[in-house]
Number of protein chains: 2
Amino acid sequence: MVDVARAAGTSQKTVSRVVNAEPGVRPETIERVQRAIAELGFRRHDGASHLRRGTSTASIGLVLEDLAGPFYAALTAGVERRAREHGYLLLTGSADGDAERAGRLVQAFAARRVDGLLIAPNLVGDEVLTANLPPDVPAVLLDRPSADHGTDEVLSDNAGGIASAVHHLAERGHRSIAYLGDDERFWTSRQRRDGYLAACAERGLGTDGLVSLGALTPERIAAAVSGWAAAGVTAVVTGNNRASVALLHHLHERTGPRPAHVGFDELDLADLLDPPLTTVAQDAAGIGSAAVDLLFERLATPTLPPRSVVVPTRLVVRRSSPPPDGASAPPVRNDR
Amino acid sequence: MVDVARAAGTSQKTVSRVVNAEPGVRPETIERVQRAIAELGFRRHDGASHLRRGTSTASIGLVLEDLAGPFYAALTAGVERRAREHGYLLLTGSADGDAERAGRLVQAFAARRVDGLLIAPNLVGDEVLTANLPPDVPAVLLDRPSADHGTDEVLSDNAGGIASAVHHLAERGHRSIAYLGDDERFWTSRQRRDGYLAACAERGLGTDGLVSLGALTPERIAAAVSGWAAAGVTAVVTGNNRASVALLHHLHERTGPRPAHVGFDELDLADLLDPPLTTVAQDAAGIGSAAVDLLFERLATPTLPPRSVVVPTRLVVRRSSPPPDGASAPPVRNDR
DNA sequence: ACATCCGATGACAACGTAGTCATTGACTCG
DNA sequence: CGAGTCAATGACTACGTTGTCATCGGATGT
């Protein structure tokens, strides 16, 4: 600004006025200053401006597990869109399963004076995570609960989504429904398993020996599926898209009767599979924008009590979930 | 720092020394200062530090078309990982097809004094884009060429990738190979079409009436495919994953002989489709990390001439690209 | 005992910007 | 014609930090 002022023959303060479109500058002065700005290629230093004004940086930090997954990508897109609507910029970082890395990201974001943090890595333990959250920066947890519900959180309706899958299958006549979940370290994994158990209990369906949680190795899946077949299982619910894909791979490589299948998480090509996969679609972008909304509300009113938002899921019925052999025809369409 | 200094009974400068681990502070003083820091929850203001030091902000800005797509998500993950390895933070924003929005993002990033820009939106016209690039911030274009090659760029081997698809099909005995591409506004769309034309010419294959570029509406695809069938086409190459999916949908909903099909861009579930789709896989993460590498090289040596990096593609042969009827049958490999 | 040196520390300025307040000069009004 | 008003502008300072240089007290050497 000093250079511009010299070029325009004014003071630095007048340049500041022109840059910020403050009133009280003669039109011809504005003109001179703007010409000097254009000539010198001047651009205001936002950091210095924020420092002097004491205003916020108009930015938020998003910590993810891994940007490349479809769920996190859609979530990030939702966050970014809503943030941009408010004129905020988005800083992103992935923890990649490393709690220390997540902590460093949080520290780095806080040091940059982001206005708020959105925290989504689901591999990092609750204790580690909440212990590392700076107390002076508003944070919203995404797709994971706050340890003591002392922080705003946005969750998918995991239990309800799984329940909708179970009810859908039960209504089509399935009486023995199994659950294939991912590693128990994931909170969502445990949560969905519990949703499955609750829905089955509500329906009076047995679940003994029908739950398999753990790493999604081909061996484990083969063992689980063959055990279930022997036990008369006619339908399987998978707890996330990695489990769905793993089960699909298994079924793809083996012959024999195919259980009905509903997968949690939408798959991009679900309707091009054979058969098209019935899924419980999560609204990842909705989770992201809801989190940004919570954050802005807290920025406006810091005294708000911690809130928890549950984003509904949507059951997308396709053809992988027909009634079991011998059952009556389902309402929507009749397969096999 | 002033508050910390008061609490620790030192000067603010000594706090600065402790915070930056500068030598020449008595251990007990360090101890006192650190206790005060912990008590007050002090955290250094990185913005002020950068301002005073005159150093860079250790951040880069990434402008995308749309974060939610798998290509951009993988690209972003590659960028973020490499940036983090250098201790840099990543600012992201989506243009969503709006050139003005892309321009605003660039301006906002530049005002935040990012050290460099990575520009990937492929819907924004070259002229608009390059006109809006600030001359004083190093930029790398991703997956799109620089108008006059005056800027560093990282491109996928579009022509080579398409050529590998054409050669693969030709070697399996196809003599009439069609090309289904996305809207001609996309540079990659034109580029890949040209790659197809060149490869066919090299093989002596005709292409008259075998090229269809445009919006991927069901009507257009149906018209193109039925025309091609009449013309004796036995294989189709699709120019991006949206085209692949569109063609798959069309083939899925219709009966009759199925042309061999190779799709540009990997699909997550390509191997679960029926038949599993042969694809030309792009290394999106590789494009991202290569772009970051180019950027850091330019930051180190600003006088470097503009460079262009081409990231190779990889042909993933699956079962959707068998020889035409009448040729010998390949089980999994076996050509022609 | 005195000069010297050195480790530890603090005072001050400056990075680029914007808020506060004073100054200037032209203009209006009685 | 003098006082008052007002628009336009600039001088100065502070935001939180770090580089430079000065200061201070004690230990060392002769």
Side-chain angles (χ1 to χ4, degrees), chain A residues 1-37 39-59 107-115 134 136-137, chain B residues 1-37 40-59 89 107-115 134 136-137:
Chain A
M1 278 190 179
V2 176
D3 295 342
V4 172
R6 186 164 33 240
T10 76
S11 75
Q12 170 263 326
K13 176 64 211 190
T14 295
V15 177
S16 170
R17 278 191 257 262
V18 172
V19 167
N20 294 295
E22 287 173 31
V25 183
R26 289 214 324 271
E28 69 181 67
T29 308
I30 295 183
E31 169 69 21
R32 276 208 326 279
V33 169
Q34 282 177 336
R35 201 156 39 225
I37 287 178
E39 269 171 27
L40 300 182
F42 166 83
R43 183 174 18 249
R44 188 180 63 178
H45 190 306
D46 274 6
S49 176
H50 288 138
L51 177 60
R52 165 62 223 202
R53 290 183 135 119
T55 60
S56 83
T57 57
S59 60
Q107 295 304 323
F109 288 158
R112 305 280 175 125
R113 294 295 192 269
V114 295
D115 295 305
D136 52 344
V137 182
Chain B
M1 278 191 179
V2 174
D3 295 342
V4 172
R6 185 163 35 237
T10 78
S11 77
Q12 175 261 336
K13 175 65 213 192
T14 294
V15 176
S16 170
R17 278 192 257 262
V18 172
V19 167
N20 294 295
E22 287 172 29
V25 183
R26 289 215 323 270
E28 68 180 67
T29 309
I30 294 183
E31 169 69 18
R32 277 209 324 280
V33 169
Q34 282 176 337
R35 203 156 37 222
I37 287 178
L40 299 181
F42 166 83
R43 185 175 16 251
R44 186 179 64 178
H45 189 306
D46 274 5
S49 176
H50 288 138
L51 178 59
R52 165 62 224 212
R53 288 183 137 118
T55 59
S56 83
T57 57
S59 60
L89 248 35
Q107 294 304 321
F109 288 158
R112 304 278 174 126
R113 293 297 192 269
V114 296
D115 295 305
D136 53 344
V137 183

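We name chains A, B, ... by the order of the sequence lines, and we start the count at 1 in each one.
- For the pair B/A48 and B/P23, both in contact range of DNA chain C, the more 5′-proximal nearest nucleotide belongs to B/P23.
- Across all strands shown, A/S49 has heavy atoms under 4.0 Å from sugar-phosphate atoms exclusively, and none from any base.
- Atom-to-atom, CE of B/M1 to P of C/dG10 comes out at 14 Å; the value is rounded to the nearest Å.
- The nearest pair of heavy atoms linking B/V19 to B/I37 is CG2-CD1, 3.9 Å.
- Remark: C1' of D/dT9 and CD of A/E28 are 13 Å apart, rounded to the nearest angstrom.
- Scanning atom types as modelled, one donor and one acceptor separated by under 3.5 angstrom connect the side chain of B/R52 and the base of C/dA14.
- Summarising the geometry, atom CZ belonging to A/R44 is positioned 10.0 Å from atom CZ belonging to B/R112; distances are rounded to the nearest 0.5 Å.
- Computed from coordinates, the B/R53 CZ to D/dT20 P distance equals 12 Å when rounded to whole Å.
- A close approach under 4.0 Å does occur between a side-chain nitrogen or oxygen of B/T29 and OP1 or OP2 of C/dT9.
- One donor-acceptor pair, N or O on each side, does fall under 3.5 Å between the base of C/dA18 and the side chain of A/Q12.
- Interface remark: the B/R26 side chain does not form any donor-acceptor pair with the C/dA8 base, using a distance-only criterion of under 3.5 Å.
- Closest to the A/F42 side chain, of the nucleotides D/dA11, D/dT18, C/dT17, is C/dT17.
- Residue contacts for A/R113: at a heavy-atom cut-off of 4.0 Å it reaches no nucleic acid atom on any strand shown.
- Protein atom CD of A/E22 is 15 Å distant from nucleotide atom P of D/dA7, rounded to whole Å.
- As judged by a 4.0 angstrom heavy-atom cut-off over every strand, B/G54 is placed among residues making no nucleic acid contact.
- Summarising the geometry, the separation between CD1 on B/I37 and P on D/dT17 is reported as 10 Å, rounded to the nearest angstrom.
- Using a 4.0 Å heavy-atom criterion, one finds that B/T14 contacts the sugar-phosphate atoms exclusively.
- B/R44 has its CZ atom 16 Å from the C1' atom of D/dC15, to the nearest Å.
- In this entry the distance linking NZ of A/K13 with C1' of D/dC12 reads 11 Å, nearest Å.
- Using a cutoff of 4.0 Å between basic side-chain nitrogens and carboxylate oxygens, A/R35 and A/E39 are not scored as salt-bridged.
- Of the residues near DNA chain D, B/L51 and A/R17, the one whose nearest nucleotide (by heavy atom distance) lies more toward the 5' end is A/R17.
- In plain terms, the two heavy atoms of A/A111 and B/R43 that are nearest each other are N-CD, 3.7 Å.
- Here the P atom of nucleotide D/dT17 and the CG atom of B/D46 are 9 Å apart, to the nearest Å.
- Between A/S11 and D/dT9 there is no side-chain N or O to OP1 or OP2 distance below 4.0 Å.
- Of all heavy-atom pairs spanning A/T57 and A/R113, the tightest one is OG1-O, 2.6 Å.
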